[in-house]
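I'd like to ask some things about the structure below.
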Amino acid sequence: MNDSSKDIGLIGLAVMGQNLALNIADHGFQISVFNRTYSKTVDFLERNPSTPTLSGHESLNDFVSSLKKPCKIIIMVQAGKPTDLVIESLIPLLQKDDVIIDGGNAKWTDTIRRERKLSDHGIHFVGSGVSGGEEGARFGPSLMSGGSIDAWNQIKDIWLSISAKVDPSSGKPLGGAEPGKPVEGGVPCAAYIGTDGSGHYVKMVHNGIEYADMQMICEAYHMLSSLGGLSANQIGEIFKSWDEGILDSFLIEITGDILCQQDPRSGNPFVEVVLDAAGQKGTGKWTSVNALDMGVPAPTVAEAVFARCLSAVKEERAHASEILAGVPIRSLDCSVDHFVESIRDALYCSKICSYAQGFQLMREAQNEYSWKLNFGEIAQIWRGGCIIRAAFLQKITEAFERNSELPNLLLDEYFKECISTYQGNWREVVSLAVNSGIPCPTFSSALAYYDGYRNARLPQNLLQAQRDYFGAHTYERIDEPRGTFFHLDWLHPDRPESRIE
Ligand code: NBP
């Protein structure tokens, strides 16, 4: 029925699109859906007969005609070329002030390009990061939207309704939603991030931080197992207890469940039958490449990406393991309880550093792209729905409430105190791992970042001298104003240096 009565349309009925459509319908909005392969639309509608607010169309024309004006259309298809193809097919059917929302994992630079192109047609474009995977899409994702404020105002009611919610006083996620029974009340985990690609940029940094969080957890598991001699089940119980404290988070919670799971086939711990070769879809790499492009130190995210790459060359590693020597595993010179506590402290300190890097990256990006980001609010909307949801994010919101211009999270009073208290254990854990030949790339890179950031003088004085020696790249002096450059004639180093204007 093409009566132009639907509140919103959605294109792309794979897992994310289907779940988001049901979530929107649950909240009482009338929604039309469209999929390139029509049989999937039919199948989807047949599986959800008791959702009266949902309808589907075989032709794109009929789909667009079914929407209230100005039309609002969410695209949930593969990022990249498929997204461009869908946008191209929509342009002739849309009118001025209509809104296209891309909920896929688009690269922020693509979103900037698409927004510019569509604005030439008078069509609004919102690049909205959707976090939380399938479950988030179904029961409440975290939504990070970038685009014009006019476009945001058009979609705001729907976005705030369908997003995850957190308790306003504790900041804890309000969960427990069931199909057809959305969570009532709470603070929505959806916000207007800024113009053009800002929403997708923030979603990308979120994913980069997620890579680091996951790798840190793996390193903790590796050390508890190899150095602590603990079984998967014992480590699972430790993670469950950690979920009650400062590390309280979705990833810690699911790690506890995973480690306590038995393999139904062999009866062994499930985690031990899973091959140690990680995959990746690219957002961690984008974050790291962008950090390198902008010259922002985000080594912990990059190490997490490289750790996946190193894991992926499984056969090569197996071969090398028969050739390359290591060192014996050291035995603990403390109680297992103290060791477990030290790993927890090291994990927390490393996590603080990787978030500090992520927020520094966003700070630099806002200058690069003239965005105005609200960092406290970004941490707040990550509290629910997201894979990285964690109690710890409330501390980040509070840090930016104390000082919205905070240059680095490490300088906030709370985080400064945490690291000051826990760093002894962090250093012990890293040194024990290094001395036992156990790789801990994110724990150790976070520690190097911390030590680098807190040192007023680093050895790059020598590096600048080397650069001047072989390439006449010049150097600044500690006894001259910044921005004044010199070069020494290294063939005649006794001659006075030249000042480079
Ligand atoms: P996929 O990324 O697997 O995309 C499949 C959908 O794209 C299908 O509906 C397919 O239609 C449609 N599609 C393709 Br492919 N090419 C198309 C084209 N040229 N024209 C129209 N439709 C086309 O689906 P997903 O896993 O649901 O993810 C959707 C988006 O959400 C992606 O950008 C993804 O990165 C993002 N995302 C995913 C997750 C997650 O946990 N999976 C989380 C957050 C964000 P067809 O049925 O005709 O083939």
Side-chain angles (χ1 to χ4, degrees), residues 9-24 31-47 54 56-64 73-93 100-111 114 125-146 159 162-164 189-190 197 199-211 214 250-251 254 279-287 381-382 384-389:
L10 182 143
I11 298 179
L13 288 176
V15 59
M16 290 296 284
Q18 289 194 20
N19 282 352
L20 204 61
L22 291 173
N23 183 0
I24 291 170
I31 177 165
S32 276
V33 294
F34 174 87
N35 194 58
R36 179 179 60 176
T37 309
Y38 182 56
S39 58
K40 287 191 193 162
T41 309
V42 173
D43 177 60
F44 176 58
L45 295 175
E46 279 176 2
R47 278 188 287 108
L54 191 65
H57 298 270
E58 183 167 13
S59 105
L60 192 62
N61 247 318
D62 290 349
F63 164 77
V64 173
I73 298 173
I74 308 167
I75 304 177
M76 285 306 284
V77 304
Q78 262 178 24
K81 190 87 183 142
T83 305
D84 280 319
L85 290 172
V86 173
I87 291 171
E88 287 300 327
S89 66
L90 282 172
I91 290 174
L93 306 177
I100 297 178
I101 306 129
D102 177 14
N105 264 342
K107 196 168 184 183
W108 83 101
T109 45
D110 284 341
T111 303
R114 288 170 184 144
F125 186 65
V126 176
S128 183
V130 176
S131 173
E134 300 173 30
E135 177 142 348
R138 181 67 188 87
F139 297 115
S142 168
L143 297 167
M144 298 147 249
S145 300
W159 246 224
I162 66 165
S163 70
C189 295
H200 274 138
Y201 186 87
V202 167
K203 169 64 171 37
M204 175 195 73
V205 173
H206 157 285
N207 284 25
I209 288 173
E210 178 185 312
Y211 271 59
M214 292 171 74
F250 173 71
L251 282 169
I254 66 162
Q280 51 185 314
K281 282 193 171 167
T283 40
K285 183 185 89 177
W286 291 352
T287 312
I381 64 171
W382 288 351
C386 284
I387 304 297
I388 63 168
R389 60 184 181 264

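Remember, it's 1-based here, ligands and their atoms both numbered in the order they're listed. Numbering starts at 1 and runs along the sequence shown.
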Shortest reach to atom 3 (O) of ligand 1 by a heavy atom, considering only Met76, Glu134, Gln78, Glu135: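 It is Gln78 that holds the nearest heavy atom.
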With heavy-atom distances below 4.0 Å as the criterion, list the atoms of ligand 1 near Val15.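 Those qualifying, in numeric order: 26 (O), 27 (O).
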Measuring from Trp159:CH2 to Ser145:OG, what's the distance to the nearest 0.5 Å?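 Rounded to the nearest 0.5 Å, the CH2-OG separation comes out at 6.5 Å.
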List ligand 1 atoms under 4.0 Å from Leu13, heavy atoms only on the residue side.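 Within the 4.0 Å cut-off of Leu13, ligand 1 contributes 9 (O).
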Shortest reach to atom 17 (C) of ligand 1 by a heavy atom, considering only Gln18, Met16, Lys40, Arg36: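 When every heavy atom of Gln18, Met16, Lys40, Arg36 is considered, Arg36 comes closest to atom 17 (C) of ligand 1.
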Any atoms of ligand 1 less than 4.0 Å from a non-hydrogen atom of Ala79? List them with their elements.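 Here the atoms of ligand 1 in question are 33 (O).
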Val130 neighbourhood, listing ligand 1 atoms whose heavy-atom distance to it stays under 4.0 Å: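 So the atoms of ligand 1 that pass are 44 (C), 45 (C).
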Under 4.0 Å from a heavy atom of Val86: which atoms of ligand 1 are those, numbered in the order shown and with their elements?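 Matching atoms, with element in brackets: 20 (N), 21 (C).
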When the ring planes of His206 and Trp382 are compared, do they come out parallel, tilted or perpendicular, using 30° and 60° as the limits?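 Ring orientation of His206 relative to Trp382: perpendicular.
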Minimum heavy-atom distance Leu20-Ile162, with the two atoms named: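 Looking at all heavy atoms of both residues, the closest pair is CD1-CD1, 4.1 Å.
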Is a donor on one side and an acceptor on the other found under 3.5 Å between the side chain of Gln18 and the backbone of Leu13?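 Checking the backbone N and O of Leu13 against the side chain of Gln18, a donor-acceptor pair under 3.5 Å is found.
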Nearest-0.5 Å distance that lies between atom OG in Ser163 and atom CE in Met144: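 These two atoms lie 10.5 Å from each other.
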Pair Asn105, Lys203: side-chain N/O donor-acceptor within cut-off below 3.5 Å: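 Yes.
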Quick check on Glu135: does its CD atom have over 12 non-hydrogen neighbours (other residues, nucleotides or ligands) under 6.0 Å away?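 No - once you tally the heavy atoms of other residues, nucleotides and ligands closer than 6.0 Å, there are 12 at most.
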Give me the residue, atom name and distance of the protein heavy atom closest to atom 34 (C) of ligand 1.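 Its nearest protein heavy-atom neighbour is Asn105 N, 4.1 Å.
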I want to know if ligand 1 touches Val77 in the polar sense, i.e. an N/O pair below 3.5 angstrom.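 Between Val77 and ligand 1 (N or O atoms, distance only) the closest approach is under 3.5 Å.
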Atom 9 (O) of ligand 1: nearest protein contact (heavy atom, Å):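 Among all protein heavy atoms, the one nearest atom 9 (O) of ligand 1 is Asn35 OD1, 2.8 Å.
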Residue selection (non-hydrogen contact nearest atom 24 (O) of ligand 1) among Gly12, Ala14, Pro82, Gly17: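 Residue with the shortest heavy-atom distance to the ligand atom: Ala14.
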Nearest-neighbour protein heavy atom for atom 48 (O) of ligand 1, which is reported as residue plus atom name and distance: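 Heavy-atom neighbour on the protein nearest atom 48 (O) of ligand 1: Thr37 OG1, 2.5 Å.
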Could you go through Leu93 and Asn61, starting from their C-alpha distance and side-chain angles, then the distance that decides it, and tell me whether this counts as side chain to side chain contact (heavy atoms under 4.5 Å, CB included)? CA-CA 7 Å; Leu93 306 177; Asn61 247 318; 3.3 Å; yes
For Leu85, atoms of ligand 1 separated by under 4.0 Å from a heavy atom: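 Close to Leu85: 19 (N).
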Gly133 N/O to ligand 1 N/O under 3.5 Å: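 For ligand 1, there is no N or O atom that lies under 3.5 Å from one belonging to Gly133.
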Gap separating the CD atom of Glu210 from the CG atom of Leu251, nearest 0.5 angstrom: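 That separation rounds to 6.5 Å.
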